[in-house]
Amino acid sequence: MDTQQESKWDRLIRKEYVHGSLYTDESIFREELEKIWYKTWVYVGHVSEIPNPNDYVLKTIGLEEVIMTRDRDGHVNLLHNRCPHRGNRVCVKHQGNARSFTCAYHGWNFGNDGQLKGYPYPSGFQEDKRKELGLGKVARISIYNGFVFGSLAAEGPTLEEHLGPAKDTLDNVCRNSPEGEIELNTGFLKHKVKANWKLLVENETDGYHPQVTHASIFEVAESGIGALYNESALSVTRAFGNGHSELDLRPEFRKFNEPMRWFGTTADRLPNYVSKMKAAYGEAKAHEIMVDGVRHVMIFPNLFIAEIQLFVLQPLSVSETVQHVTALQFKGAPDLNRRMRQQTMGSVGPAGFLLADDAEMYERTQTGVQLRNPEWLYLGRGSHREHTEEDGCVVGNVTDDMPSRHLWKHYKSLMETA
């Protein structure tokens with residue numbers, strides 16, 4: 001190809017290579033905010049975080065702070081946390097229960113649906129401004145199986161179009177509950193790393209690193225998890241399109257056909273959970289669900305479900321990202337939930353090893369990509385053996401770079417838009 005005709009993104013993203021500046025260039029990060037974070041669907045939160053009327057919690061979409069509320073009628077709202085008068089933050093408490101929010105600067109009061117209810121000294125306004133000057137609302141909000149997504153763009157693909165085949169992975173999470181619902185009610189741990197957000201996205205479904213990066217914790221814990229990320233294992237990696245991907249470990253679990261093996265335990269240790277699942281789904285279907293377990297999936301750009309945990313990625317700058325992580329909790333499964341909390345603290349808590357391993361790799365890579373030579377990162381591992389399934393999903397060996405290649409393909413399509 002004549003390089004004179006190449007676009008900026010053609011010069012930065014090749015078939016099996018990406019340029020290091022994609023992780024370090026401040027102008028590229030600013031462009032990502034506009035074309036990805038403020039234009040596509042972004043995971044914001046879960047309805048279980050605001051279970052009661054008038055509950056609220058602060059969330060983010062890119063660098064934009066939003067208030068996720070449940071108003072008195074039970075509707076979920078996503079409101080920009082900015083007073084329309086002088087731009088002050090209206091809500092400063094992380095979460096709570098309130099019918100309204102009052103700006104501490106000039107006393108403007110807003111309902112938890114965003115409507116302006118009143119302001120001091122109304123005689124200073126020639127006309128009543130209450131219908132005109134409410135809190136800004138996120139342009140589009142869509143809820144799927146309790147997962148709340150927002151888009152700052154007034155137009156674009158629907159959420160279901162955005163999710164595509166990856167939608168089933170969210171259904172799968174809920175199927176692991178005897179009541180068909182998850183709850184996020186244990187609070188979030190926050191881990192800040194000095195690394196670009198895309199390094200984290202790529203790592204979440206990278207099956208090449210666990211046997212190396214996490215070798216010590218796998219050995220100490222005498223875990224069989226490491227063996228699932230092996231070139232000879234039956235596990236695969238799958239790209240769903242639109243940047244979504246998964247590490248599919250189900251073929252390995254199905255080989256043994258033992259319920260709860262995915263969780264590292266046996267069914268006889270969770271008698272209440274097993275009995276409730278059989279009552280809810282029937283013995284055969286419950287057996288299938290409990291063999292497969294929760295899938296290991298990345299929903300672009302910021303939602304990661306790692307079997308027993310849920311992560312939300314929040315970019316702070318071109319070189320800083322916060323990971324918010326909480327234990328998944330299945331409605332109606334207290335015995336399993338207790339173990340989920342314990343394992344989450346052990347793996348990604350303040351003294352956990354797994355996240356510490358990954359964080360070290362993120363930060364070393366961020367330092368490395370700032371060096372000049374070689375300029376390009378190679379992502380071609382396994383390109384000769386990936387194949388496309390009937391539903392259009394692309395599948396490769398669990399240790400291949402395939403998810404990253406398809407992530408960058410989607411990224412390029414978004415960044416090339418006007």
Side-chain angles (χ1 to χ4, degrees), residues 29-47 49-50 53-122 124-144 147-159 162 301-303 312-317 322 324 414 417-418:
F29 174 72
R30 291 289 162 182
E31 197 167 345
E32 289 169 350
L33 290 175
E34 296 301 327
K35 293 183 175 180
I36 297 176
W37 292 92
Y38 301 156
K39 193 170 184 179
T40 64
W41 287 104
V42 175
Y43 172 75
V44 179
H46 194 270
V47 294
E49 297 178 74
I50 45 171
N54 304 319
D55 282 350
Y56 70 87
V57 62
L58 290 183
K59 295 291 184 177
T60 59
I61 297 178
L63 302 185
E64 292 279 316
E65 187 174 65
V66 298
I67 317 168
M68 184 169 77
T69 74
R70 188 183 293 275
D71 61 33
R72 65 181 183 181
D73 296 322
H75 298 132
V76 176
N77 306 278
L78 296 179
L79 310 173
H80 291 272
N81 193 15
R82 169 177 164 162
C83 180
H85 177 219
R86 299 285 288 277
N88 209 331
R89 291 176 75 218
V90 170
C91 180
V92 295
K93 188 177 178 182
H94 176 67
Q95 66 185 79
N97 183 279
R99 292 186 177 88
S100 64
F101 305 102
T102 300
C103 178
Y105 196 7
H106 296 100
W108 286 33
N109 181 255
F110 305 88
N112 56 23
D113 59 357
Q115 292 187 1
L116 176 60
K117 298 176 69 175
Y119 34 73
Y121 313 127
F125 301 91
Q126 187 173 2
E127 298 175 351
D128 188 345
K129 295 292 185 180
R130 285 177 295 177
K131 292 184 179 180
E132 179 184 342
L133 296 175
L135 294 178
K137 293 187 177 183
V138 170
R140 290 186 295 161
I141 178 174
S142 188
I143 302 173
Y144 185 78
F147 295 87
V148 181
F149 292 80
S151 173
L152 301 190
E155 298 180 352
T158 66
L159 176 61
H162 169 71
N302 69 326
L303 172 61
V312 185
L313 307 183
Q314 176 192 1
L316 297 182
S317 70
V322 174
H324 303 253
L414 295 175
T417 60

Does [Y] offer a backbone N or O that forms a donor-acceptor pair with the side chain of [X] under 3.5 Å?
X	Y	result
Trp108	Pro84	no
Tyr105	Gly87	no
Asn81	Cys91	yes
Glu49	His46	yes
Asp73	His75	no

Given side chains that start at C-beta, do those of [X] and [Y] come closer than 4.5 Å, heavy atoms only?
X	Y	answer
Val57	His94	yes
Val138	Leu79	no
Pro301	Leu313	no
Val92	Phe101	no
Cys103	His85	no
Glu64	Trp37	no

What distance separates [X] [atom1] from [Y] [atom2], expressed to the nearest 0.5 Å?
X	Y	atom1	atom2	answer
Ile50	Lys59	CD1	NZ	9.5 Å
Lys129	Lys131	NZ	NZ	13.5 Å
Leu135	Ile67	CG	CD1	6.0 Å
Thr40	Phe149	OG1	CZ	10.5 Å
Tyr56	Asp71	OH	CG	15.5 Å

Study note, to complete from the structure: Only residue of Leu33, Leu414, Leu152, Thr417 satisfying side-chain contact (heavy atoms from CB on, under 4.5 Å) with Lys39 is Thr417
If I compare all heavy atoms of [X] with all of [Y], which pair ends up nearest, and what's the gap?
X	Y	answer
Ile61	Tyr38	O-CE2, 3.3 Å
Cys83	Phe110	SG-CZ, 4.0 Å
Val148	Tyr43	O-CD1, 3.6 Å
Asp113	Gln115	OD1-N, 3.1 Å

How about [atom1] on [X], more than 12 heavy atoms from neighbouring residues, nucleotides or ligands closer than 6.0 Å, or not?
X	atom1	value
Arg70	CZ	yes
Glu65	CD	yes
Arg140	CZ	yes

Exercise for review: Check the pair Gln314 / Leu316 against side-chain contact (heavy atoms from CB on, under 4.5 Å), numbers first and verdict last.
Suggested key: CA-CA 6 Å; Gln314 176 192 1; Leu316 297 182; 3.7 Å; yes
Study note, to complete from the structure: Given the options Asn54, Asn112, Asp55, Asn77, Thr69 meets side-chain hydrogen bond (donor to acceptor under 3.5 Å, both in side chains) only with Asn77
Check your understanding: Tyr119 vs Phe125 aromatic rings, parallel, tilted or perpendicular, using cut-offs 30° and 60°?
Key -> tilted
